[in-house]
Amino acid sequence: MLHKFKKIDYSIVFILVILMVISIMAIYSTTFGRPKVEGFSKNMIVFYVLGFVVFFGMSMINYKFIVKNYLYIYGLGLLLLVLVLFIGNEYYGAQGWLSIGGISLQPSELFKLCLIVMLSTLLARKKNRPLFFGRDVIPISLCVLPPLLLVLLQNDLGAVLSYIFIWIGLLWIGNIKFSHALIGFVLAVSAIVAGIQAYIHYHDEITSFLKDIKRAHWAERFDPWLVPELTSRDVLWQTYNAKLAIGSGGVTGKGYMEGTTIQSNRVPLAYADSIFVQIGEEFGFVGASVLLLLYFILIHRLVLIALECKDRVGAYLIVGIIAMILYQVFVNIGPFIGLMPLTGITLPFISYGGTSLLINMISMGIAMSIKVHTEENEDILGAAEQPSITELILKLFRRKPVQQEQPEQ
């Protein structure tokens, strides 16, 4: 056991400790003097203590155990997504939380890891051969479709987009043909441009349709980004004040707990989705740059682990984790600097939230397990010729014939 602890990348541990300090300080600043949320910084300390226990625990467990049970992990994740539709609690317009023993769990966050494990295992069975569209890409995409639909029913657009980003990232590193990737990129860009133009020109009709299907808050997130001139003051309130606060922070910021916009509570959910605004206003460009630099170093260390990994599935797992973190960072910060619509994604390791933090710490633990155990698992899925992904999935639905005993001669 001791020799495993020696193999841990303690530069990653050091970065996680710094992120913990930033998170607790930021949450304390954004909740001070507000009775309903004032204790959140103490809760975050508990979450982080539990998170580090999980991190080191996962580091000691051979990730081979996770890979071998990928179907059970994927199935359990789907079961939780179905369960939350019936007995889930609704917060901020999304029915996505389960209460278990007084603890709130968000299955859509947990399923990000389930999806990464599932897709990484399927791709590793290809032994780095080019992916065929009909035999490989389509079956993999079908694995992503059920959770997408379930999370859409929960009204969680941010999680849907994160699944798509993870899927694209793993397909790319999984050796998809360049021609297929180029066609997909052109189609995606065309669809996005056409969708934006359609939303602008048919805004009233689309808004009316979203209200009819009880998705009116989607329009409230796209309007400040695409049609601010048609958006009400109430809808613009969060993004407008967020941009004002970040801009007023200047180079070095106004000082800790001295941000006028944050301390006057003019930015909703400043301790959660909007926590980057606190950093921008109170620590300025320097503070925001330091935070982004920490993310860059963290991802750089993960890339190095993936490059050193002798097992393809381990490398794919790390790429999926990197895609998940990059998506969360970009989509959380993007709306506050006018790059994209507000989707309600937490900032990794910084925003308040037990489920989000624990999922990210488990992810880091899996990455560390790959580093610790990489010499023990040289290509655990590549020792023999593996079936195609289509054959693997179809095999799950085939009944094995019953072996009949041969009569004694």
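Numbers here simply count residues along the sequence, with the first being 1.
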Are the side chain of [X] and the backbone N or O of [Y] linked by a donor-acceptor pair below 3.5 Å?
X: Lys371; Y: Lys7; result: yes
X: Ser108; Y: Ala159; result: no
X: His300; Y: Phe296; result: no
X: Ser369; Y: Ile61; result: yes
X: Ser120; Y: Val117; result: no
X: Tyr271; Y: Glu38; result: no
X: Thr207; Y: His203; result: yes
X: Arg135; Y: Leu131; result: no

**Q.** Distance-only polar pair, side chains of Thr346 and Ser356, donor-acceptor under 3.5 Å
**A.** yes
Q: Could you tell me how the ring of Tyr74 sits relative to the ring of Phe111: parallel (under 30°), tilted (30 to 60°) or perpendicular (over 60°)?
A: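 If you compare the ring of Tyr74 with that of Phe111, the planes turn out tilted.
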Q) Which salt bridge (Lys or Arg N to Asp or Glu O under 4.0 Å) pairs, counting each pair once, include a residue from residues 343-358, with sequence neighbours left out? A) none
Q | salt bridge (Lys or Arg N to Asp or Glu O under 4.0 Å) contacts in which one or both residues fall within residues 278-305, not counting sequence neighbours | A | Asp9-Arg301, Lys254-Glu281
Q | Intermediate values then yes/no, side chain to side chain contact (heavy atoms under 4.5 Å, CB included), Leu110 and Gln106 | A | CA-CA 7 Å; Leu110 177 62; Gln106 193 174 4; over 6 Å; no
[X] atom [atom1], neighbour heavy-atom count above 12 within 6.0 Å:
X: Tyr199; atom1: OH; result: yes
X: Tyr10; atom1: OH; result: yes
X: Tyr256; atom1: OH; result: yes

Does the side chain of [Y] come within less than 4.5 Å of [X]'s, by heavy atoms?
X: Gln328; Y: Asn360; value: yes
X: Lys64; Y: Asn69; value: no
X: Ile305; Y: Ile12; value: yes
X: Leu113; Y: Ile366; value: yes
X: Met20; Y: Phe52; value: yes
X: Tyr295; Y: Ile350; value: yes
X: Met44; Y: Phe47; value: yes
X: Tyr327; Y: Ile322; value: no

Compare every heavy atom of [Y] with every heavy atom of [X], then report the nearest pair and how far apart it is.
X: Leu302; Y: Ile318; result: O-CG2, 3.3 Å
X: Leu119; Y: Cys143; result: CD2-CB, 4.4 Å
X: Ala245; Y: Thr261; result: CB-CB, 3.7 Å
X: Ala306; Y: Ala315; result: O-CB, 3.9 Å
X: Leu317; Y: Ile116; result: O-CG2, 3.7 Å
X: Ile73; Y: Cys114; result: O-SG, 3.6 Å

Nearest-0.5 Å distance, [atom1] of residue [X] to [atom2] of residue [Y]:
X: Ile66; Y: Ile362; atom1: CD1; atom2: CD1; result: 9.0 Å
X: Arg129; Y: Leu123; atom1: CZ; atom2: CG; result: 12.5 Å
X: Ser248; Y: Lys243; atom1: OG; atom2: NZ; result: 14.5 Å

**Q.** Residues forming a side-chain contact (heavy atoms from CB on, under 4.5 Å) with Ile333, sequence neighbours excluded
**A.** Phe276, Leu292, Val329, Ile337, Leu347
Q. Are Leu115 and Val144 close enough, and set up right, to give a side chain to side chain contact (heavy atoms under 4.5 Å, CB included), and what steps lead you there?
A. CA-CA 7 Å; Leu115 186 63; Val144 182; 4.1 Å; yes
**Q.** ring pair (Phe, Tyr, Trp, His ring centres under 6.0 Å) involving Phe55 - partner list, sequence neighbours excluded
**A.** none
Q: Please step through side chain to side chain contact (heavy atoms under 4.5 Å, CB included) for the pair Val372 and Tyr63, ending with a clear verdict.
A: CA-CA 10 Å; Val372 170; Tyr63 70 98; over 6 Å; no
Q.
Evaluate Phe349 against Met364 for side chain to side chain contact (heavy atoms under 4.5 Å, CB included), listing each step before the verdict.
A. CA-CA 11 Å; Phe349 306 104; Met364 292 297 103; 3.8 Å; yes
**Q.** Residues in side chain to side chain donor-acceptor pair (under 3.5 Å) contact with Tyr352, at least two apart in sequence or another chain
**A.** Asn43
Could you go through residues 166-188 and list every donor-acceptor pair under 3.5 Å that involves a side-chain atom there, pairing it with any protein atom two or more places apart or in another chain?
| residue | atom | partner | partner atom | Å |
| --- | --- | --- | --- | --- |
| Trp167 | NE1 | Ser141 | OG | 3.4 |
| Asn175 | ND2 | Asn128 | O | 2.9 |

Q) Considering the options Ile262, Ile22, Val267, Ile27, which one meets the side chain to side chain contact (heavy atoms under 4.5 Å, CB included) requirement together with Ile275? A)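 Single side chain to side chain contact (heavy atoms under 4.5 Å, CB included) partner of Ile275 among Ile262, Ile22, Val267, Ile27: Ile27.
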